Amino acid sequence: MTSIECRPGGPVAGTIRVPGDKSISHRSIILSSIAEGESLISGFLEGEDSLNTLRAFQSMGVSIERDADRVRVQGVGLHGLIKPAGVLEMGNSGTAMRLLLGLLAGQAFDATLAGDESLSKRPMNRVIEPLEAMNAIIDSQPGGMAPLRVHGQSRLTAINYRMPIASAQVKSCLLLAGLYAQGTSTISQPDPTRDHTERMLRGFGCEVATDGPDISIRGGQSLTACDIEIPADISSAAFFLVAASIAPESDLTLQHVGINPTRTGVIDILNLMGADIVLLDEREIGGEPIADIRVRSAALKGIKIPQSLVPLAIDEFPALFIAAACASGETELSGAEELRVKESDRIQVMADGLGSLGIQVEPTPGGIKIQGGTMGGGVVETHGDHRIAMAFSVASLRAKEAISIRDCANVNTSFPGFVDLARQVGIRVTSHG
Ligand code: S3P
């Protein structure tokens with residue numbers, strides 16, 4: 001799929017279930033691989049990112065069988081992984097690369113992690129530096145970029161680390177390394193970030209202590225296999241939350257969505273903008289809260305996005321910027337510098353795309369100001385970023401003319417079947433190439 005062509009559409013209606021949570025899918029493979037015994041995973045995301053993690057563990061000797069979204073993993077135990085024959089290809093996935101780096105730092109063998117063009121430009125010093133403080137030996141490219149070679153002969157020591165940025169990837173990387181270190185490691189986060197690693201480690205019988213901002217793990221604990229049911233990804237649901245909010249006369253229900261409080265910033269922000277979102281049948285599965293989410297159209301208004309919600313909605317800003325373009329008045333985001341080092345520079349790429357559709361935007365170093373207005377049509381460049389492609393597909397619901405979105409193949413990294421599902425609910429998109 002090289003491009004997505006969109007015509008103005010809507011309303012958005014129906015009941016759908018988006019694919020499995022990407023963050024939880026990565027973690028399910030990592031932890032079940034190093035557990036003792038067989039784990040059965042259901043609801044696994046069949047996207048390129050999580051499949052890269054799956055293939056990496058197969059190449060480290062773990063027997064993993066997959067039938068669509070059901071995965072059976074024969075765990076090899078904490079010290080049972082073997083040296084992979086080749087380079088571990090992480091594709092577009094920052095999560096896979098950073099989490100695996102932490103795990104590999106504690107192995108007895110050397111391994112190399114590589115990524116695509118985008119991933120090879122993303123900052124890895126944020127994980128390399130604390131891992132080196134734990135005695136890991138890592139070779140990187142200038143500026144701390146991938147490919148990364150991890151030397152496996154080191155004996156890791158525990159760390160007390162205050163993260164300079166709120167990052168679940170850094171936290172999870174260090175918790176995985178901490179599992180292989182001598183002593184107890186404590187990671188302190190400046191703001192809450194997604195806690196799937198902590199929850200899942202506990203599900204595998206591992207003790208992880210949380211004390212306010214501090215998370216501690218004792219090295220050498222073994223994990224016991226368990227079954228994992230993965231909820232639908234709120235980050236994928238976000239595109240439909242915005243779609244049904246902005247398209248007049250919409251009424252859409254999203255089933256079985258993960259509503260872990262460290263991920264629901266998108267709902268809080270949309271509600272502050274005046275959205276009509278209702279959580280139904282809230283329940284808990286495998287240590288993660290889930291719900292069905294009903295969303296109906298609403299007249300959105302611009303807001304100043306509260307700082308505290310930024311890390312809790314970090315992947316949802318491309319979709320939220322579309323909501324802002326359709327809202328009355330100005331929406332202002334600040335304190336979101338991290339958006340510049342995601343799969344693309346999401347502040348600049350979204351500003352360029354919105355600008356080309358006639359929306360007034362003012363990017364700043366750590367955010368953006370967006371004036372709600374009328375969107376025309378045009379051509380949008382995604383720079384290979386899946387979430388940019390999906391955000392502008394949703395924008396077409398309120399555009400006056402057709403939108404042509406370029407470079408969309410990476411939609412498959414997080415949301416295979418996006419175009420079909422979007423069409424099913426009334427978004428007039430077609431994929432080409
Ligand atoms: C993720 C954490 C977030 C997020 C990414 C997935 C994870 O990154 O942007 O898509 O699964 O831990 P940071 O923790 O670096 O902000």
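The first residue of the sequence shown is numbered 1, and numbering continues consecutively from there. All ligand and atom numbering here is 1-based and tracks the order in the structure. What you are looking at is a predicted structure, and each value in this text was computed from that prediction instead of being measured.
Here is the list of ligand 1 atoms found below 4.0 Å of a heavy atom in Thr95: 1 (C), 5 (C), 6 (C), 7 (C), 11 (O). Distances below 4.0 Å separate heavy atoms of Ser23 from the following atoms of ligand 1: 1 (C), 6 (C), 7 (C), 11 (O). Heavy-atom proximity to Ile314, at under 4.0 Å, picks out these atoms of ligand 1: 9 (O).
For atom 7 (C) of ligand 1, the nearest non-hydrogen atom from the set Arg387, Arg27, Arg98, Glu338 comes from Arg27. Summarising the contacts of atom 1 (C) of ligand 1 with Glu316, Gln189, Gln169, His26, the nearest heavy atom is found in Gln169.
Between atom CZ of residue Arg17 and atom OG of residue Ser236 there is a gap of 12.5 Å, rounded to the nearest 0.5 Å. To the nearest 0.5 Å, atom CZ of residue Arg294 and atom CG of residue Asp281 are 14.5 Å apart. Atom OH of residue Tyr161 and atom CD of residue Glu129 lie 6.5 Å apart, to the nearest 0.5 angstrom.
A distance of 6.0 Å or more separates the ring centres of His386 and Phe418.
An N or O contact shorter than 3.5 Å links Ala168 to ligand 1 by distance. Checked by distance only, ligand 1 and Asp315 come closer than 3.5 Å through their nitrogen or oxygen atoms.
Here Lys342 has side-chain heavy atoms under 4.0 Å from ligand 1, and that is the only part of it that gets that close.
Nearest heavy-atom pair across Lys301 and Leu272 is NZ-O, 3.2 Å.
The closest protein non-hydrogen atom to atom 15 (O) of ligand 1 is Ser167 OG, 3.0 Å.
For the residue pair Thr15/Gln255, the side-chain donor-acceptor check at 3.5 Å is not satisfied.
Between Arg263 and Asp315, no side-chain nitrogen of the basic residue sits less than 4.0 Å from a carboxylate oxygen of the acidic one, so the salt-bridge criterion is not met.
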